[in-house]
Amino acid sequence: MATREWNPLDFDIGEEEDEEGTPSPSSISPPLPYFDRDRHVAFLEMMYNLMPHHYQSQEINRLTLAFFTISGLHLLRALDRVDKDSVADWVLSFQAHPRSRAELKNGQFYGFHGSRTSQFPPDENGVSACNSGHLASTYCALAILKTVGFNLLTIDKESILTSLRNLQQPDGSFMPVDVGAETDLRFVYCAAAICLMLEDWSGMDREKAKEYILKCQSYDGGFGLMPGLESHGGGTYCAVASLRLMGYIEDDLLSKTVTSSIINVPLLLDWCMQRQAIDGGFQGRANKPSDTCYAFWIGAVLRILGGYKFIDKIALHRFLLTCQSEFGGFSKYPGDLPDIYHAYYGYTAFSLLEEPGLNPLCAELGMTDLTAIGII
């Protein structure tokens, strides 16, 4: 696996499948016929204490992996398994700090680094040539801090928000770092979530961001990650959740009496509903196999719109159980080995399905309702 810095919104973009678009066979035992909370807690406790060596190539994404683990334990009502103060101290150690207020205009982003390997030490003169944080890592850092009950208003949010504007492009999109990176809806979402969590929208031009998002809605109702691209489940989530976070669309739009919206809601609803496949799972794009994570990316969009009631919940529940591992966690496809990414979005999907024993989910922030409103 490549070691580029990624984030919880990577949606398996560009991942290769076999010629038939189906997962390879596996010798893993048949799935359990129920959601095994205890095994999932044990799986996340393992990730919290000592991650398997397979994740070494993702060391640069350590904060993202920590987000999946800590927030996953909270979804499972097992946050007591972690030392909250130690977690908060560890996360805070990744924040990039300017040496002076003047440096906030130097183009770098003073958010959070993804790991120690992206924290370059200063030279012999105390000058750090590259001290820029990463937008997605900052989203993960703030989400973890909120989850463990840390007061975000006590951190240096001025540095984060002032330098966040350095990442917004003239068309309203965002880069994740200050130089040499792509721009798409994933990072618009991260910027909106950061501003909401810090309770300060000075870090972005919301109008420009809104206009960029609207340009990403495709002819079929879904949203591509960039204007003109194919509609994609992850891009659609980022678009709809961002508009909701920024206050441009209401929650549960389908139940409102408004006659118009800035997005084409009927076409969007139709596109989302078509993503539930015959096996009960959700696909990210047309003609792709069902994948555990899209039960969240598409399901959360439907929850925000007020259309979640229209899906076949029994069929979705059955599909997700085929991706549940005997070791705890969830896999991408039925029969594959579990990974922390699909495990987390399996838990969010079951939370949307109101599985007993799980905390309810804030769909637009991708974390528990309790975290979103600051009750831990």
Find out if a path of hydrophobic residues (ILVMFWY) with successive side-chain heavy-atom gaps under 4.5 Å connects [X] to [Y].
X: Leu267; Y: Leu214; value: no
X: Met175; Y: Ile213; value: no
X: Tyr212; Y: Trp201; value: yes
X: Leu352; Y: Leu365; value: yes

Exercise: do [X] and [Y] side chains pair donor with acceptor under 3.5 Å:
X: Glu364; Y: Tyr237; answer: no
X: Tyr110; Y: His97; answer: no
X: His342; Y: Asp291; answer: yes
X: Asn151; Y: Thr154; answer: no
X: Asp270; Y: Gln274; answer: yes
X: Ser115; Y: Glu59; answer: yes
X: Thr368; Y: Thr371; answer: yes
X: Gln95; Y: His113; answer: no

Can you classify the ring geometry of Phe350 versus His317 as parallel (below 30°), tilted (30 to 60°) or perpendicular (above 60°)?
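Perpendicular: the ring planes of Phe350 and His317 meet at over 60°.
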Cut-off 3.5 Å, no hydrogens considered: what does the side-chain donor-acceptor table look like for residues 307-316, sequence neighbours left out?
unit_1 : atom_1 : unit_2 : atom_2 : d
Asp312 : OD1    : Ile314 : N      : 3.4
Asp312 : OD1    : Ala315 : N      : 3.0

Heavy-atom closest pair, residues [X] and [Y]:
X: Ser331; Y: Leu337; answer: CB-O, 3.3 Å
X: Pro338; Y: Phe327; answer: CD-CD1, 4.5 Å
X: Phe174; Y: Leu135; answer: CB-CD2, 4.0 Å
X: Cys195; Y: Leu164; answer: SG-CD2, 3.8 Å
X: Leu361; Y: Ser351; answer: N-OG, 3.3 Å
X: Tyr189; Y: Ala241; answer: CE1-CB, 3.6 Å

Would you mind reporting whether [Y] and [X] have side-chain heavy atoms less than 4.5 Å apart?
X: Phe68; Y: Thr64; answer: yes
X: Tyr347; Y: Leu44; answer: yes
X: Tyr341; Y: Lys332; answer: no
X: Val177; Y: Phe109; answer: no
X: Asp178; Y: Asn166; answer: no
X: Tyr345; Y: Phe330; answer: no
X: Asp369; Y: Asn359; answer: no
X: Tyr48; Y: Ile70; answer: yes

Any side-chain to backbone donor/acceptor pair from [X] onto [Y]? Under 3.5 Å, distance only.
X: Ser93; Y: Trp90; result: yes
X: Gln169; Y: Ser173; result: no
X: Arg165; Y: Ser202; result: yes
X: Arg275; Y: Trp271; result: yes
X: Arg285; Y: Ser231; result: no
X: Gln283; Y: Lys288; result: yes

Roughly how far, to the nearest 0.5 Å, is [atom2] of [Y] from [atom1] of [X]?
X: Leu370; Y: Arg77; atom1: CG; atom2: CZ; value: 8.5 Å
X: Arg244; Y: Leu253; atom1: CZ; atom2: CG; value: 8.5 Å
X: Ser163; Y: Asn106; atom1: OG; atom2: CG; value: 8.5 Å
X: Ser242; Y: Arg186; atom1: OG; atom2: CZ; value: 12.5 Å
X: Ile249; Y: Leu305; atom1: CD1; atom2: CG; value: 6.5 Å
X: Ser159; Y: Leu104; atom1: OG; atom2: CG; value: 4.5 Å

Using the ring centroid of each side chain, check whether Phe35 and His40 are separated by less than 6.0 Å.
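Yes, ring centres under 6.0 Å apart.
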Ring centres of Phe67 and Tyr139 under 6.0 Å apart?
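Aromatic pair counts; centres sit under 6.0 Å.
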Quick one: do Leu73 and Asp80 satisfy side chain to side chain contact (heavy atoms under 4.5 Å, CB included)? Show the steps, please.
CA-CA 9 Å; Leu73 284 169; Asp80 60 330; over 6 Å; no
Kindly confirm or rule out a cation-pi arrangement of Arg116 over Phe94, judged by NZ or CZ under 6.0 Å from the six-membered ring centre and within 45° of its axis?
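Yes, Arg116 and Phe94 form such a contact.
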CD1/Ile278: more than 12 non-hydrogen atoms of other groups inside 6.0 Å
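No, the 6.0 Å shell around CD1 holds no more than 12 heavy atoms from other groups.
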For Ile298 and Gln276: C-alpha separation, side-chain torsions, deciding distance, then whether side chain to side chain contact (heavy atoms under 4.5 Å, CB included) applies.
CA-CA 9 Å; Ile298 302 293; Gln276 187 166 24; over 6 Å; no
Full working for side chain to side chain contact (heavy atoms under 4.5 Å, CB included) between Leu142 and Val91
CA-CA 9 Å; Leu142 297 180; Val91 171; over 6 Å; no
Step by step, would you call Phe150 with Val87 a side chain to side chain contact (heavy atoms under 4.5 Å, CB included)?
CA-CA 10 Å; Phe150 184 84; Val87 168; over 6 Å; no
I need the full list of salt bridge (charged side-chain N to carboxylate O under 4.0 Å, His left out) pairs touching residues 148-157, with sequence neighbours left out, sorted by first then second residue.
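The answer is Arg101-Asp156, Lys157-Asp200.
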Using a strict threshold of under 4.0 Å (side-chain N to carboxylate O), is an ion pair present between Lys208 and Glu211?
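So Glu211 does not pair with Lys208 through a salt bridge.
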